[in-house]
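Just so it is clear, the structure is predicted and the values come from calculations on it, not from any experiment. Every chain is numbered from 1 and lettered A, B, ... according to where its sequence line falls, protein lines coming before strand lines.
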Amino acid sequence: MSEYVIEMKDIVKSFGNVHAVRNGQFTLKKGEIHSLIGENGAGKSTMMKLLYGMYPIDDGSIRIHGDHIPSISPKIAIEKGIGMVHQEFMLVNELTVLENIILGFEPRHGITIDFDKARKTVEQYINQYGMDIQLGKKINQISVGEAQRVEIIKTLTRGANVIILDEPTAVLTPQETKQLFVILQNLRKDGKSLVFISHKLNEVMEISDRISVMRQGNYIGSVSKEETSPAELAKMMIGREVFLNIEKTQTKPGEKVLEVKDVWVSGEKEISKIRGVSLDVRAGEIVGIAGIDGNGQSELIEAIAGLRQVEKGSVLLDGKELGGLSPKQIRKAGLSHIPEDRNTRGLNRSMSIKENLIAVQVGEAPFCKGVVRDDKETLEYAKQLSEVFDIRPRDPEISTQSLSGGNAQKVVVAREVSIGGKLLVASQPTRGVDIGAIESIRKILQEVKAKGMGVLLVSADLEEILSLSDRIVVMHEGRITGRLKAEDANEDNLGLLMMGGTASAEERGSTT
Amino acid sequence: MNVAVKSIQKILLTMLLALAIGALFILFIGENPLEAYGALLRGAFNGKLKIGTTLASFTPLLLTSCAFAVAAKAGAFNVGVEGEVFLGGITAAYIGINWTFLPAPVLMIVCFLGAMTVAALWALIPAVLKAYYRVSEVCVTILMNSVALYITSYLVSGPMSAGVANAQSLPVTVNLPQFMKPSSVNAGLFIALITVVFMIWVLNKTTFGYKVKTVGTNPSHAEYVGISPKKIFIQSMMLSGALGGMAGCIEVLGVHGYFLNNFAAGLGSNGMLASLIVKNNLIFAPFMSFFLAVLKSGAMGMQQSTGVPKSIVDTITAVFIIVATMELLFQFKDKKNKKEKSK
Amino acid sequence: SGGAGAAKEAGKTVEATAGTTAKAASENGDGKEKTGAGKRVCIVYSGNLGDKSYNDSCNEGAKEAAADYGVEIKNLEGTSAEEWEANFLSACEDGYDLVICSSSNFEEYMKEHCASYPNVKFAIIDTTVEGDNIVSISFAQNQGSFLAGAAAAMFTQKTDIEGVNPDKIIGWVGGMDIPVLHDFFTGYEQGAKYIDPDIKVLQSFAGTWNDPLKGKELTLAQFDQGADIVMNVASGTGPGILEGAKEAGKYAIGVDLNQDNDQPGSILTSMVKRVDTACYLAIQSVVEGTFKGNSTSYLTIKEEGVGLTDFSVMKEHLGDKFPEDIVEKVKELEEKIVSGEIVVENYTGFGANK
Amino acid sequence: MDLGKIFSVSLIYATFRSATPIIYAALCAAITQQADILNIGTEGIMLTGAFAAVAVSYLTGSWLLGVVVAMIAGLIMAMIMAVGHIRYKAEICAIGMGINLFALAITKFLLNSALGKSGTFSEPGIIAIPRVSLPFLAKVPFLKEIFDNWCITEWFVIVLIILVWFVFYKTVWGLRLRAVGQFPMAAQTAGINVNSMKYRAIAISGLIGGLAGAHLSLGYSKMFTENMTNARGFMGVAAMYFGGAHPILTAAGCLVFGLTDSIGARLQAYGVPSQLVLLMPYVVTIATLAVSMASKMAREKKKKSALAKA
Ligand SMILES: Nc1ncnc2c1ncn2[C@@H]1O[C@H](COP(=O)(O)OP(=O)(O)OP(=O)(O)O)[C@@H](O)[C@H]1O
Ligand SMILES: Nc1ncnc2c1ncn2[C@@H]1O[C@H](COP(=O)(O)OP(=O)(O)OP(=O)(O)O)[C@@H](O)[C@H]1O
Ligand SMILES: [Mg+2]
Ligand SMILES: [Mg+2]
């Protein structure tokens, strides 16, 4: 028997002209947590999808428990005890949590599904790992964190002893991440082997036994946790030194550019998801909204942008009432908006970089003459932005389909900060983005502020909130539970407020 | 550029394969494929009349395929083009018969405008139901085609009847000039060609085209960048309707000279077919329309000049179309490339 | 061929009342050698063959002429206006001696194009088109329908026959709602009311020529409303009407061809419209050189262009329950129409003096 | 106008009778729709089935064999579509329309060459699907009139609606089918072979489509006519959309159509212009759908505001 549960050797995989993996190497020992890190587009997900049999490999070999497996399908992978939690959740919205968990491995009663048995089996695992999952709800009614746990339970009920987690923490709050880590530790204790993909080096350092690094489809190397440091890892990933802690530029806040007054907003499933939120943002400052995902931040942002109806209350942008205005009119009034979901909101993946860069200015000079689009002007502009914002590759004519997460996000950021509005709403601007890109996006936000734009930043990443914001508001269950000056805030008091606790009296007094 | 060349290559290869499979089928039923294809080609191209007939059936398909594709670009599956052709036709007939106080050139233009307007308004119904009430436009347009057929049928056998043995209207007082007589190909062909080129230009070069494509590919993104998906969806459905109405107007003013009951049967669905085969690519749709028109008039010619029964001709045409829908040759090539690379 | 046989059979049934033109013609033909060899005739149809009705009837006539004169026949079927015109034009161009347009659908094309083909002879059935190289043959379908209506009106009161109710209601189902069908209906209704003014006539249109299921549904609906006999005037939709009668244990009247044997025992009679005769005569005139352009024949009961079948199939089925008085009455009415004592009305736009 | 004659007991059976072929067609379309495949080819599959049923019933004298062969014929047509779409990437609606054209032509061709007829084939030798009367209903006067003498396939459609509903929502296969339709990647990662599920869905759809055709030619009538489906397949697709591919709602849509159609058939006799009567079922179906969707949206809104008050 081999020392390794999994051995992937000399893996090659391309999609058309994209060489996703050129030289992939990966091994996994029994009972270890092995992290796989690399920039966006380094080929991490592809490596793991190949292991899970989602695509055939072009070249190389895969061994599971020492056996050479010539061709893998998800079915075979599952039979061999491999489970995968995908970067994009593989959950069917219209089905219930329980149905999703048992899909493909349904306990049967003849041809019908034995839901009782299914429930019992699943509950057993839920209890064993102390997870909080409501089996009867539909997927579109549960939070991201819960969906994540559903994915893990899914692998467990299928008898996985190797579990691959592709960027599981990208969408989690610190608290949820902590909970997840407890679960992962327990799984390791039970003898499961885990692959953990992440961009967050501190998490990687916290949880892993070994760490492998990939860059541009190539295997760079593996190190054990004890022998390395975040700085070294970052260098391996990017090929140069990185500085994440940006120095805050000091500016004097000017006029109020955004005033939200006692706003109530409905959510997808419930009315009044937001209940009476008031806040303001001045020119030349960054206001951070901290909060666990699903506490109304998304709804608030969408309401400001005119993408969701406001039940009551008023929003003023640069003194202009936004109630009843269309998204287009709100943009005209001075809003720039980096949405939380770059794939469906932020970008049109079927169009080129060039076209995405002018998406909000279509039909406006100089990108059109009359009703005709001006391609030359557009290309010129796009080339310029690509240069300034370091969008790679430098060819604005190519489709955004093939862009890595970080570069895709840069397209959105470039577009939104270049239209020169008065307020920039940035929702999760660095989620799922590699550190190189995080570095540059954070720098851009600082520059925007320095130019006198007001910035409203929503992030589940407390470190990001803390390092960028001048003022911080905390949201919990549709209400604001705390307002702090940046210098008074730290992970602990923010965490407490995010969980619904109250801040101490003096902190309250210091709100503006 | 490379992509375009590849696509054309693909279409040509697919057609060749369709011919080959069609040949097998012809052999199977005991006819000579070369003779049959000869008859088919002669049926479509031999002499002024045949060419004219081919072009005459090409004209409405150009517009209906374009109409379907335009709606598809905004994410609508508009089965209702046929109904729009009917209503455009009846409107053109009504105006062409009754508004004789207008000078002829003006009347002609008004016929077109009227036909396009009424057809666009007809398309507005499913569009609004979909945009505001999420009612499937496929369902509504399938049903509305029958409604349009019966409405026009009622009008030409009742209030607008010419009082002759057939259900048809009085002749219109303006006609699109015909050429290549005795076939009924007429100036409408050029109007249709210009319109289609114009539509390609609109969709690829104008702001409106960009919005349509955005809404069709990602409505949620469209909303976010300030394009109203509902508005654009409705506008392109209406545009699609207007194109259908134009086809109806050309058929009435150019081909028949009056409104003939049920004249548009199959025009909408054939246009839809032409567009679907090329996956709603506006540039290829006209070529596919031409291919279908050639098949159609070729099939008629085959019936006229050989002993091959119509059912066999139709069977071969259908086999042709089925093969033409498949992208298989392209796949062959892809695989081959891959194999070569991996070696 | 078998088809020609069927036409002859249809001929025989009308023969019961008087000698038939077609029969007379075939006698002429049979005697001679094939004088028509080398002549080419093209028939264009506004529909497909196999409707067991109008188009088939036309084809029967052509087949008979082919058998008698050795002419070459080409049939061009088409289901859309586009195909009709293309087929018609191709027939004009391809040097046929005679082009027969089987229905009024070709009227406009003939008006437009016939003059450009002075060497081709044309015939049109079921309507009238002027032109030096055109003969038009149309039918007094209203007269035939009058007889059908009268027969139906009498039949619906024969309550001793199984399936016949006391209600004075009869039915009529048409294909597309087009003027020529109203000419049928006008006669049918007049005939029924002539027998008994209290008779109610139900009228439905299927809106299509080729949906027998729709025809069946409409027929059953009329039965549900008290009718017990329904006349079919629906071409390809018709088989459903006849089947509906059979299935409901009620009765129908056939049209165009002799359909009495299509659902034997359920079809009282058929209103035969001698499209075959028209077709045959047109071919005959070309073969024999008697073709006279710009002529119009209007085939009425007198010319045996229309008429009822001889009820024999029904007689066989009902045995002594068969109401002989209907046959007698029909004969009497026929004579009255021929003599002009009864004037059968036309729908606007139809009739001898159209 | 005699309303008593229009709204008589017979209207109930008439409604059901004219809706049944469309229900079959709609179920045929619903199965593939659950796998996110729009089966425009329903019309052609059904027509092929109708032909095969009549031909085999006539040649062998067995209606059952006719039905079985019809289902196999439907299956073959469906598989051409499946292979073209899944293996050779044909646009599903394009190949579906191709199948419709092919079915129209090949049935006409075979009618001429194999059965030696054109247009209509209605020989006495065709053995129809038997009709049954349930003896226990015969005693109840009202029910007897409604349920008397139904064709076996008319009874069976009720079973089939429930069966399809059961398969969709209660069985393992149905769960997988819906997963494939709604999120194929998720199904794939659950070890489900997406393409094989699609093949199976189309195959079953073909079987049901063939049965639909057999009902048309051996149950609803006893003949085959060129193009005898006359857009009933398309109506089925429309009905499938009406019910959002849910078998029971879909059947309800068909019944709305059938009811208006049957009322229309009775109304025509009173001199209402035929075209206006003929278009009624279509308008009523659209209106019903629009109103039900609008009120559904209103209900959702209300539900939300009820929550707000609580
Ligand atoms: N199905 C696909 N088709 C085409 N290109 C693909 C596909 N999947 C991945 N790629 C490309 O392959 C490259 C590697 O992608 P992969 O998803 O493995 O990166 P990653 O390391 O997981 O990045 P991220 O951190 O953004 O998730 C990228 O350039 C990506 O665009
Ligand atoms: N600068 C502005 N400030 C406020 N409102 C504006 C401004 N510009 C346009 N609007 C309003 O926005 C709406 C749409 O604007 P616009 O005139 O650009 O429409 P359009 O381009 O025809 O629309 P579409 O983009 O949907 O085709 C109109 O109601 C218009 O009055
Ligand atoms: Mg990834
Ligand atoms: Mg009676």
Side-chain angles (χ1 to χ4, degrees), chain A residues 48-49 52-55 72-80 82-86 88-96 98-115 118 139-140 151 154-155 157-158 164 166 264 266-273 275 309 311-312, chain D residues 30-31 33-36 89 159-160 162-201 204 243-246 249 296-310:
Chain A
M48 290 303 119
K49 283 182 184 170
Y52 193 65
M54 305 269 292
Y55 321 110
I72 304 189
S73 71
K75 199 164 178 202
I76 295 175
I78 294 167
E79 278 163 12
K80 296 274 172 196
I82 298 176
M84 180 156 177
V85 176
H86 292 265
E88 275 110 39
F89 293 151
M90 293 295 163
L91 297 171
V92 184
N93 267 332
E94 291 82 354
L95 302 183
T96 64
L98 183 61
E99 284 171 329
N100 266 290
I101 293 174
I102 61 173
L103 184 64
F105 297 85
E106 307 84 353
R108 294 162 188 242
H109 240 355
I111 57 163
T112 61
I113 303 166
D114 188 344
F115 279 108
I139 297 299
N140 51 16
E151 286 280 25
K154 219 161 93 177
T155 63
T157 54
R158 289 168 195 176
I164 305 159
D166 194 351
W264 295 60
S266 326
E268 218 58 70
K269 292 281 163 220
E270 54 201 309
I271 196 151
S272 307
K273 174 114 190 187
R275 285 166 291 173
Q309 206 162 359
E311 285 167 32
K312 74 179 191 205
Chain D
I31 289 192
Q33 191 66 27
Q34 290 287 359
D36 199 24
K89 301 277 148 59
V159 179
L160 190 63
I162 298 168
L163 191 69
V164 169
W165 172 83
F166 180 80
V167 167
F168 282 176
Y169 301 105
K170 298 288 165 201
T171 66
V172 172
W173 193 79
L175 180 68
R176 293 181 180 190
L177 182 70
R178 286 183 293 143
V180 164
Q182 282 154 2
F183 192 174
M185 275 285 259
Q188 195 198 340
T189 58
I192 297 168
N193 186 336
V194 173
N195 281 347
S196 116
M197 276 309 278
K198 286 188 172 176
Y199 273 118
R200 275 183 271 173
I204 293 179
H246 187 292
L249 294 179
K296 190 171 145 200
M297 283 175 73
R299 266 204 312 280
E300 271 169 20
K301 242 186 195 162
K302 226 176 174 178
K303 218 156 125 199
K304 266 191 187 174
S305 46
L307 276 174
K309 270 173 213 144

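In this structure, Ile113(A) and Leu175(D) have side chains that are in contact, with non-hydrogen atoms separated by less than 4.5 Å. Contact check for Val92(A) versus Arg178(D): no side-chain heavy atoms found under the 4.5 Å cut-off. Between Asn193(D) and Lys75(A) there is no side-chain heavy-atom pair separated by less than 4.5 Å. Looking at Met54(A) and Met185(D), their side chains come closer than 4.5 Å, going by heavy atoms from C-beta outward. Arg108(A) is not listed as a side-chain neighbour of Thr171(D), based on a closest heavy-atom distance of 4.5 Å or more.
With a threshold of 4.5 angstrom between heavy atoms, Arg158(A) approaches chain D through side-chain atoms but not through N, CA, C or O. For Ile192(D), the part lying under 4.5 angstrom from a heavy atom of chain A is the side chain only. Residue contact with chain D, scored on non-hydrogen atoms closer than 4.5 Å, is absent for His109(A).
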Using the side chain to side chain contact (heavy atoms under 4.5 Å, CB included) rule, take Ile111(A) and Trp173(D) through it: C-alpha gap first, then chi angles, then the decisive distance, then the call.
CA-CA 8 Å; Ile111(A) 57 163; Trp173(D) 193 79; over 6 Å; no

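With chain D as partner, the option from Lys49(A), His86(A), Met90(A) having the largest number of non-hydrogen pairs under 4.5 angstrom is Met90(A).
Qualifying salt bridge (charged side-chain N to carboxylate O under 4.0 Å, His left out) partners for Arg176(D), counting only residues two or more places apart in sequence or in other chains: Glu106(A).
Across all their heavy atoms, Phe89(A) and Phe183(D) have their closest contact at O-CE1, 3.4 Å. Taking both residues in full, the closest heavy atoms of Gly191(D) and Ile78(A) are given as N-CD1, 3.8 Å, listed atom of the first, atom of the second, then distance. Scanning all heavy atoms of the two residues, the minimum distance from Leu103(A) to Ala187(D) falls at CD2-CA, 4.3 Å.
Counting heavy atoms of neighbouring residues, nucleotides and ligands inside a 6.0 Å radius, atom CD of Gln309(A) does not exceed 12 of them.
The contact list for residues 162-170 of chain D toward chain A, using heavy atoms and a distance under 4.5 Å, reads Phe166(D), Lys170(D) by residue number.
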